[in-house]
Amino acid sequence: MKHEDLHVVIAGGGSGYTPGIIQAVLHNSDRFPVTKFTLYDIDPVRNEDMNVIIKYMLKHDGYDNIELVATLDPKEAFTGADFVFSQIRVGGMEMREKDEKIPLKYGLVGQETCGVGGFSYGLRSIKGLLGVVGYVQEYAPDAWILNYTNPETLIAEAIRRQYPNAHMINACDMTISIEETMARNFGYDRKNWICQYYGLNHFGWYTEIYDKKLERDVMPELIKKLQDAPMKIASFNKGDQSWQDAWNMLSEIVRMFPDYLPNNYLEYYFFPDLVVESTDPNYTRANMVMDGRLKRTKEMAEKIRHHADGEILDFDFGEHGEYIVDMACSILNDLYDRFMLILPNHGAIPNLRDDAAVEVPAYVGRLGAEPISMRHDIPDFHKGLMEAQNAAEKLLVDGYFEGSYQKVLQAFTLNQTVPSADKAKKVLDDLIVANKDYWPELK
């Protein structure tokens, strides 16, 4: 593995999160010496907008010596890559909007990674990421793929089946976002925390949050603080009121189930009726993102093109970019730092099926990720929830590879946000029409 003159490809380069990742790489140039960035996307307009922004960033921060390429050509993008950071969104915000609004039409949760909307996105993402991994295997087989693309457990399962030897790590920054928001709200430093956590992606629980500076488990006091009052939105989510709703619901969950600290996404499985009641079916989170982050990104690119005065760059992504770059540094320098990752269970959670794609702490080094064993069984309440969710996810991936309508219908019916097979079938049939250009043909 090279240790200098690194070539980093960002798959989904047109994403509004790309500047945060670039910033994180630049901040770690002493231990992650990049000399070339490639932005790869299938959307020429968004990729060129981001090319304008990143070129401005590099010049503004004094990194003119770093080569920047923006391309739609996979051969040009991936040839010679050392690391690939994947954050693709197959179908863009337009399809996310359908993932959210079509289920709501039937009184079901409409969300991009949870419920049947998440399954809709998952079937698109599997196809898209299998394509990216295939390109990497062809043009840069020794490159490490660090994946942020959602829904993570579905993707991890699909990649494991088709490309079992790919150098790939699946990571979600949601646990980091939860931790950083709690730390900022309640006066802690997240960098002092060692967290014990288990679950599936967007479907898990903290069992301990040990603070190295305070020398104690702070999770009981965090639960008490959350029971007393919800967190406020952190700066990296400013302007997005839906996050305040999420933190309000997190407090509701810990009041009802106070033994563990949950991932906030569990609200969609515990309270699907309340979520639907409080959601505007005509203006969902996809619309908020389009009117917020995407609009601001477009405006920044236009200001740069027109040589506007003043401070143009306006980014705060919390730990999103730092997290994926820290992983890359841990691989490159064999640091064995600790991260929350999505991996095959292989006994990490002793009383859960061995081939489940679970989210647990793991150490990362030159050879990849090594999960940390729980060393004890998990409670039946969590186990039952996870087993049903995992079975639904596996059926969905089966349905993708087999082109099986029946398997996908079973997955939709088993999804814990769906109260009846009748609704599962109706929403599936609508989503098949909406995704005709993205999903495999189901028979």
Would you say [atom1] of [X] has more than 12 non-hydrogen atoms from neighbouring residues, nucleotides or ligands within 6.0 angstrom?
| X | atom1 | answer |
| --- | --- | --- |
| Lys59 | NZ | no |
| Ile42 | CD1 | no |
| Lys426 | NZ | no |

Could you tell me whether [X] and [Y] have their ring centroids closer than 6.0 angstrom?
| X | Y | value |
| --- | --- | --- |
| His382 | Tyr198 | yes |
| Tyr17 | Tyr148 | no |
| Phe203 | Tyr269 | yes |
| Trp193 | Tyr210 | no |

Legend entry - Check against side chain to side chain donor-acceptor pair (under 3.5 Å), Tyr188 and Glu179: CA-CA 10 Å; Tyr188 299 88; Glu179 294 163 23; over 6 Å; no
Point-to-point distance, once rounded to the nearest 0.5 Å, from [atom1] of [X] to [atom2] of [Y]:
| X | Y | atom1 | atom2 | value |
| --- | --- | --- | --- | --- |
| His346 | Leu352 | NE2 | CG | 12.5 Å |
| Ile10 | Asn47 | CD1 | CG | 10.0 Å |
| Leu200 | Glu152 | CG | CD | 12.5 Å |
| Cys195 | Arg338 | SG | CZ | 8.0 Å |
| Cys329 | Asp30 | SG | CG | 8.0 Å |

Are [X] and [Y] close enough that some pair of their side-chain heavy atoms sits under 4.5 Å apart?
| X | Y | value |
| --- | --- | --- |
| Lys127 | Tyr438 | no |
| Leu6 | Thr35 | no |
| Leu39 | Ile54 | yes |
| Phe32 | Glu4 | no |
| Val84 | Leu146 | no |
| Trp247 | Ile178 | yes |

Would you mind checking if [Y] and [X] are paired as a salt bridge, meaning a charged N to carboxylate O distance below 4.0 Å?
| X | Y | value |
| --- | --- | --- |
| Arg124 | Asp99 | yes |
| Lys213 | Asp189 | no |
| Glu157 | Arg160 | yes |
| Glu299 | Lys303 | no |
| Lys425 | Asp429 | yes |
| Glu100 | Arg285 | no |
| Arg46 | Asp41 | no |
| Asp64 | Lys55 | no |
| Asp355 | Lys394 | yes |
| Asp43 | Arg89 | no |

Inset, instruction - Going by the salt bridge (Lys or Arg N to Asp or Glu O under 4.0 Å) test, name the single residue among Arg296, Lys295, Arg305 that passes it with Asp49. - result: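 Exactly one option meets the salt bridge (Lys or Arg N to Asp or Glu O under 4.0 Å) with Asp49, and it is Arg305.
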Inset, instruction - Give me the ring orientation class for Tyr56 and His60: parallel if the planes are under 30° apart, tilted from 30 to 60°, perpendicular past 60°. - result: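 Rings of Tyr56 and His60: parallel, as their planes differ by under 30°.
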Legend entry - Aromatic plane relationship, Tyr323 with Phe339 - under 30° parallel, 30 to 60° tilted, over 60° perpendicular: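 Phe339 vs Tyr323 ring planes: perpendicular.
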Inset, instruction - Report the C-alpha separation of Met327 and Ile169 in whole Å, then their side-chain angles, then the decisive distance to 0.1 Å, and conclude whether the side chain to side chain contact (heavy atoms under 4.5 Å, CB included) test is met. - result: CA-CA 9 Å; Met327 271 184 277; Ile169 292 178; 4.0 Å; yes
Quiz question: by atom type and distance under 3.5 Å, do the side chains of [X] and [Y] form a donor-acceptor pair?
| X | Y | value |
| --- | --- | --- |
| Asn170 | Asn147 | yes |
| Thr149 | Ser125 | no |
| Thr279 | Gln111 | no |
| Asp430 | Tyr106 | yes |
| Arg31 | Asn333 | no |
| Thr71 | Asp73 | no |
| Thr153 | Glu393 | yes |
| Asn435 | Ser120 | yes |

Inset, instruction - For residues Ala369 and Leu343, report the shortest heavy-atom separation together with the two atoms involved. - result: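 Residues Ala369 and Leu343, closest heavy atoms: CB-CD2, 3.8 Å.
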Inset, instruction - Evaluate the criterion ring-ring contact (aromatic ring centres under 6.0 Å, His included) for residue pair Tyr206 and Tyr260; output intermediate values, then yes/no. - result: CA-CA 6 Å; Tyr206 290 90; Tyr260 298 89; over 10 Å; no
Legend entry - Candidate pair Leu385 and Phe270, rule side chain to side chain contact (heavy atoms under 4.5 Å, CB included), full reasoning: CA-CA 10 Å; Leu385 289 165; Phe270 289 163; 3.7 Å; yes
Inset, instruction - Before giving the answer on side chain to side chain contact (heavy atoms under 4.5 Å, CB included), spell out for Met1 and Trp144 the whole-Å C-alpha distance, their side-chain angles and the decisive distance to 0.1 Å. - result: CA-CA 10 Å; Met1 175 180 286; Trp144 275 94; 3.3 Å; yes
Legend entry - Steps toward side chain to side chain contact (heavy atoms under 4.5 Å, CB included) verdict (Lys443, Ser404): CA-CA 5 Å; Lys443 298 178 181 179; Ser404 169; over 6 Å; no
Inset, instruction - List for me each residue that meets salt bridge (charged side-chain N to carboxylate O under 4.0 Å, His left out) alongside Glu97, sequence neighbours excluded, and say none if there are none. - result: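 For Glu97 the salt bridge (charged side-chain N to carboxylate O under 4.0 Å, His left out) partners, ignoring immediate neighbours, are Lys101.
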